[in-house]
Amino acid sequence: MYQRSAEYVCHGRLRHNDLPWQLLDKFNNQLTKVNLSTLNETHTNIPKLREGRVGGQFWAAFVPCDTQAKDAVKRTLEQIDVIHRMCEVYPNYFLLAQSVADINKSFQEKKIACLIGVEGGHSIDSSIGTLRTYYKLGVRYMTLTHSCNTPWVDNWLVDNGEEPAKSNGLSEFGKSVIGEMNRLGMILDLAHVSKKTMMDALQFSKAPLIFSHSSAFSICNHYRNVPDDVLRLVRDKKGLVMVNFFNDYVTCSKQANISSVADHFDHIKKVAGYEYVGFGGDYDGVPRVPDGLEDVSKYPDLVAELLRRGWTEAEIKAALANNLLRVFQDVERVRSELAANAANDEPIPYKEIESDCRTSYGYDIPNHAAGGQLLGRAILLLCLFYSLFM
């Protein structure tokens, strides 16, 4: 049975992985100070990826919510940079992929397809121009929120009452972000968002979308998971729910095992269909993972469990890679259909982002920074007056 599972895994696997965050946290992104062939402090290294027959990773360019309205863009650019450099330093193992064609090329060359996902809308700092720049740098999906609201979209903490709703799902600017992602060919990711945001995005997106690392709410009643009515809408939209391995989202407790994770696969398959479920993982982004799924080398054991439960070869291959490839192809198709559309250049209303940390250049209001400079000069002159004459 294990040998059969390995055969299917070799077909390729695409999922969410937070190793770039570990590179920042442990090494300040200094790749000269780490060897990914010998690193053992993380869920992920090159030998573990090879043992797990991993064919592709959506590396998360993640920065925490406390960077919002501060240095989120700078920090995100640095995470995108470290992913690029990973591919350059280990060319025998990694291939930077920006399209379905690139992914298939990496499979043929038996390399690991490296895709980039930005995990959290706070990383664009409410700027569609920044979103476009990320796309040009190779970002192919963006999670609309992490665990914090942005000025234009609500996160899952709204649903459990820890945060008040700010946009009641997506604001008008949020809908513009969705439209521009469709035009660019960037996949929408709904992991971490509120249920109202899920419903809004499913309604307004012209392309299929994904939950890159979320599980089934009916199995574990956690608001990071996907309710059954949303699972059916994902099916209707031809999207994808990729199962998260974090114990707290698998069993709603600190303990979980391979069977617990397989329960989520079975449930999503039952409600939506096998065409709409995938492997999400979230390795190196969570503190607890199930027994038997300790790191990325253990994926074949989960495949073996699904086979034991009666999943077919076609269903396994779909969940491993083909479902996500289908979504990506459809996103690229929508991009082609929208190719004649002009880029959206409508900025977010200034009142929605106004703060002492922002200038108002381009908006038809006085610039706060300029006012601050004048105040500073006035204080300096006053100090000089007192020092000379008092």
K.L.:
Salt-bridged, Asp229 to Lys195, with N to O below 4.0 Å?
P.N.:
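Looking at Asp229 and Lys195, the cut-off is met.
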K.L.:
For residues Leu306 and Ala262, report the shortest heavy-atom separation together with the two atoms involved.
P.N.:
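Here Leu306 and Ala262 meet closest at CD2-CB, 4.0 Å.
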K.L.:
Decide yes or no on disulfide (SG to SG under 2.5 Å) for Cys220 and Cys252, but give the supporting numbers first.
P.N.:
CA-CA 5 Å; Cys220 167; Cys252 289; 2.0 Å; yes
K.L.:
Would you please test Ile258 and Val261 for side chain to side chain contact (heavy atoms under 4.5 Å, CB included) and show each step?
P.N.:
CA-CA 5 Å; Ile258 287 181; Val261 175; 5.8 Å; no
K.L.:
If the condition is ring pair (Phe, Tyr, Trp, His ring centres under 6.0 Å), which residues does Tyr90 pass it with, not counting sequence neighbours?
P.N.:
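For Tyr90 there are no ring pair (Phe, Tyr, Trp, His ring centres under 6.0 Å) partners, ignoring immediate neighbours.
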K.L.:
Against the six-membered ring of Tyr135, is Arg140 placed for a cation-pi contact (under 6.0 Å from the centre, within 45° of the normal)?
P.N.:
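Yes, a cation-pi geometry.
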K.L.:
If you look at every heavy atom in Tyr299 and Gly281, which pair is closest and at what distance?
P.N.:
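Closest approach of Tyr299 to Gly281: OH-CA, 4.0 Å.
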K.L.:
Measure the shortest side-chain to side-chain distance between Gln68 and Cys148 over non-hydrogen atoms and say whether it is less than 4.5 angstrom.
P.N.:
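Yes; the side chains approach each other to less than 4.5 Å.
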K.L.:
Answer yes or no: is there a donor N or O on one side and an acceptor on the other, between the side chain of Thr67 and the main chain of Lys70, under 3.5 Å?
P.N.:
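No.
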K.L.:
Look only at the side chain of Asn182 and the backbone of Val334, and say whether a donor-acceptor pair between them is shorter than 3.5 Å.
P.N.:
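Checked: no pair found.
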K.L.:
Salt bridge between Arg85 and Glu88, side-chain N to carboxylate O under 4.0 Å?
P.N.:
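Answer for the salt bridge query: no.
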K.L.:
When you measure from the side chain of Ser360 to the backbone N and O of Tyr363, does any donor-acceptor pair fall under 3.5 Å?
P.N.:
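A pair under 3.5 Å: no.
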K.L.:
Could you walk me through whether Leu77 and Tyr134 pass the side chain to side chain contact (heavy atoms under 4.5 Å, CB included) check?
P.N.:
CA-CA 8 Å; Leu77 288 170; Tyr134 288 162; 3.8 Å; yes
K.L.:
Checking side-chain polar atoms at under 3.5 Å, does Glu163 have a donor or acceptor matched by the opposite partner on Asn155?
P.N.:
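Side chains of Glu163 and Asn155: pair found under 3.5 Å.
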K.L.:
I want to check something: taking the side chain as every heavy atom from C-beta on, are Leu31 and Val82 in contact at a cut-off of under 4.5 Å?
P.N.:
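Leu31 reaches Val82 side chain to side chain.
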K.L.:
Evaluate side chain to side chain contact (heavy atoms under 4.5 Å, CB included) for Leu338 paired with Arg183, printing each intermediate quantity in order.
P.N.:
CA-CA 6 Å; Leu338 300 177; Arg183 191 190 71 84; 4.3 Å; yes
K.L.:
Which residues pass the salt bridge (charged side-chain N to carboxylate O under 4.0 Å, His left out) test with Asp291, sequence neighbours left out?
P.N.:
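With sequence neighbours excluded, Asp291 shows a salt bridge (charged side-chain N to carboxylate O under 4.0 Å, His left out) to no residue whatsoever.
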K.L.:
Strictly distance-based, threshold 3.5 Å: is any side-chain N or O of Asn45 a donor or acceptor partner for the main-chain N or O of Asn40?
P.N.:
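No; judged by distance alone, with no hydrogens or angles, the pair does not exist.
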K.L.:
Show, in sequence, the C-alpha distance, side-chain angles and deciding distance for His267 and Asp228, and conclude whether the side chain to side chain donor-acceptor pair (under 3.5 Å) test is met.
P.N.:
CA-CA 9 Å; His267 183 81; Asp228 285 357; 2.8 Å; yes
K.L.:
Can you confirm whether Lys105 is buried at NZ, in the sense that more than 12 heavy atoms of other residues, nucleotides or ligands lie under 6.0 Å from that atom?
P.N.:
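No - once you tally the heavy atoms of other residues, nucleotides and ligands closer than 6.0 Å, there are 12 at most.
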K.L.:
Same hydrophobic cluster for Leu49 and Leu39, using side-chain heavy-atom links shorter than 4.5 Å among ILVMFWY?
P.N.:
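Yes; tracing contacts between hydrophobic side chains, which count when under 4.5 Å, links both residues.
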K.L.:
Is there a side-chain contact between Asp18 and His43, using heavy atoms and a 4.5 Å cut-off?
P.N.:
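No, too far: nothing below the 4.5 Å cut-off.
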K.L.:
Verify the ring-centre separation between Phe62 and Trp21: is it less than 6.0 angstrom?
P.N.:
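Centroid separation for Trp21 and Phe62: below 6.0 Å.
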K.L.:
Donor-acceptor pair, distance only, cut-off 3.5 Å: does the side chain of Arg326 make one with the backbone of Gly239?
P.N.:
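Confirmed, Arg326 side chain pairs with Gly239 backbone.
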K.L.:
Between Asn149 and Leu157 (side chain of the first, backbone of the second, donor and acceptor by atom type, cut-off under 3.5 Å), is there such a pair?
P.N.:
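No, Asn149 side chain to Leu157 backbone: no donor-acceptor pair under 3.5 Å.
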K.L.:
Looking at Arg224 and Asp248, would you say the former's side chain and the latter's main chain have a donor-acceptor pair under 3.5 Å?
P.N.:
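No; judged by distance alone, with no hydrogens or angles, the pair does not exist.
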K.L.:
If we ignore angles and hydrogens, is there a donor and acceptor under 3.5 Å between the side chains of Thr130 and Asp125?
P.N.:
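On atom types as modelled, these side chains do not qualify, holding no pair under 3.5 Å.
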K.L.:
Measure the CZ-CD distance between Phe27 and Glu41 for me, rounded to the nearest 0.5 Å.
P.N.:
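The CZ atom of Phe27 sits 5.0 Å away from the CD atom of Glu41.
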K.L.:
Quick one: does Tyr141's side chain get under 4.5 Å of Ser212's, heavy atoms only?
P.N.:
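Yes, their side chains come closer than 4.5 Å.
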K.L.:
Please give me the minimum heavy-atom distance between Ala97 and Leu115, naming the atom from each residue.
P.N.:
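Looking at all heavy atoms of both residues, the closest pair is O-CG, 3.7 Å.
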K.L.:
I'd like to check Leu19 versus Trp59 (side-chain heavy atoms, cut-off strictly below 4.5 Å). Are they in contact?
P.N.:
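Yes, side chains in contact.
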K.L.:
Without swapping roles, check the side chain of Lys48 against the backbone of Thr42 for a donor-acceptor pair under 3.5 Å.
P.N.:
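Yes.
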K.L.:
Of all the heavy-atom pairs spanning Val243 and His264, show the shortest one and how long it is.
P.N.:
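Where Val243 meets His264 most closely, the heavy atoms are CG1-CB, 3.9 Å.
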K.L.:
Between Arg358 and Glu354, is there a side-chain N and carboxylate O pair less than 4.0 Å apart?
P.N.:
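The answer is no: the pair does not qualify as a salt bridge.
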K.L.:
Would you say Asn244 and His16 are linked by a side-chain donor-acceptor pair, where the criterion is simply a distance under 3.5 Å?
P.N.:
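Looking only at side-chain atoms, Asn244 and His16 do not form any donor-acceptor pair under 3.5 Å.
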K.L.:
Quiz question: by atom type and distance under 3.5 Å, do the side chains of Gln22 and Asp284 form a donor-acceptor pair?
P.N.:
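Checked: Gln22/Asp284 side chains show no N/O donor-acceptor pair below 3.5 Å.
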K.L.:
Do Asp263 and Ser260 have side-chain atoms, one donor and one acceptor, less than 3.5 Å apart?
P.N.:
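Not at all, the side chains of Asp263 and Ser260 share no donor-acceptor pair under 3.5 Å.
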K.L.:
Contact between Thr197 and Thr145 at the side-chain level, heavy atoms closer than 4.5 Å - yes or no?
P.N.:
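Thr197 does not reach Thr145 side chain to side chain.
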K.L.:
Could you verify whether a donor N or O on one side chain and an acceptor N or O on the other, from Gln30 and Asn28, lie under 3.5 Å apart?
P.N.:
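No, no side-chain donor-acceptor pair sits under 3.5 Å.
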K.L.:
Taking the side chain as everything from C-beta on, heavy atoms only, tell me whether Val63 gets closer than 4.5 Å to Ser123.
P.N.:
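Of all side-chain heavy-atom pairs linking Ser123 with Val63, at least one is under 4.5 Å.
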K.L.:
Any heavy-atom pair between the side chains of Phe58 and Asp189 that's under 4.5 Å?
P.N.:
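Answer no - side chains too far apart.
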K.L.:
Side chain of Tyr283, backbone of Asp295: donor and acceptor closer than 3.5 Å?
P.N.:
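Pair found, side chain donor or acceptor close to backbone of Asp295.
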K.L.:
Kindly say whether Gly169 contributes a backbone atom to a donor-acceptor pair with the side chain of Ser194 at under 3.5 angstrom?
P.N.:
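Pair absent, no side-chain N/O of Ser194 close to backbone of Gly169.
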K.L.:
Assess whether a salt bridge exists between Lys196 and Asp200, defined as any Lys/Arg side-chain N lying under 4.0 Å from an Asp/Glu carboxylate O.
P.N.:
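Yes, Lys196 and Asp200 are salt-bridged.
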K.L.:
What's the shortest heavy-atom distance between Lys110 and Arg50, and which atoms?
P.N.:
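So the two residues come closest at O-NH1, 3.2 Å.
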K.L.:
Which heavy atom in Asp102 sits nearest to a heavy atom in Leu96, and how many Å separate them?
P.N.:
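Nearest pair, atom of Asp102 first, then Leu96: OD2-O, 4.3 Å.
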K.L.:
Report the C-alpha separation of Asn344 and Glu180 in whole Å, then their side-chain angles, then the decisive distance to 0.1 Å, and conclude whether the side chain to side chain donor-acceptor pair (under 3.5 Å) test is met.
P.N.:
CA-CA 6 Å; Asn344 188 315; Glu180 191 65 3; 5.3 Å; no
K.L.:
Working to the nearest 0.5 angstrom, can you tell me the gap between Phe246 CZ and Asp282 CG?
P.N.:
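Separation between the atoms: 8.5 Å.
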K.L.:
Give the intermediate values and the outcome of ring-ring contact (aromatic ring centres under 6.0 Å, His included) for residues Phe279 and Phe265.
P.N.:
CA-CA 9 Å; Phe279 288 68; Phe265 278 85; 4.8 Å; yes
K.L.:
Hey, could you give me the CD/CE distance between Glu119 and Met142, rounded to the nearest 0.5 Å?
P.N.:
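These two atoms lie 12.0 Å from each other.
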K.L.:
CG/Leu190 to CG/Leu209 distance, rounded to the nearest 0.5 angstrom?
P.N.:
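Nearest 0.5 Å value for the CG-CG distance: 5.0 Å.
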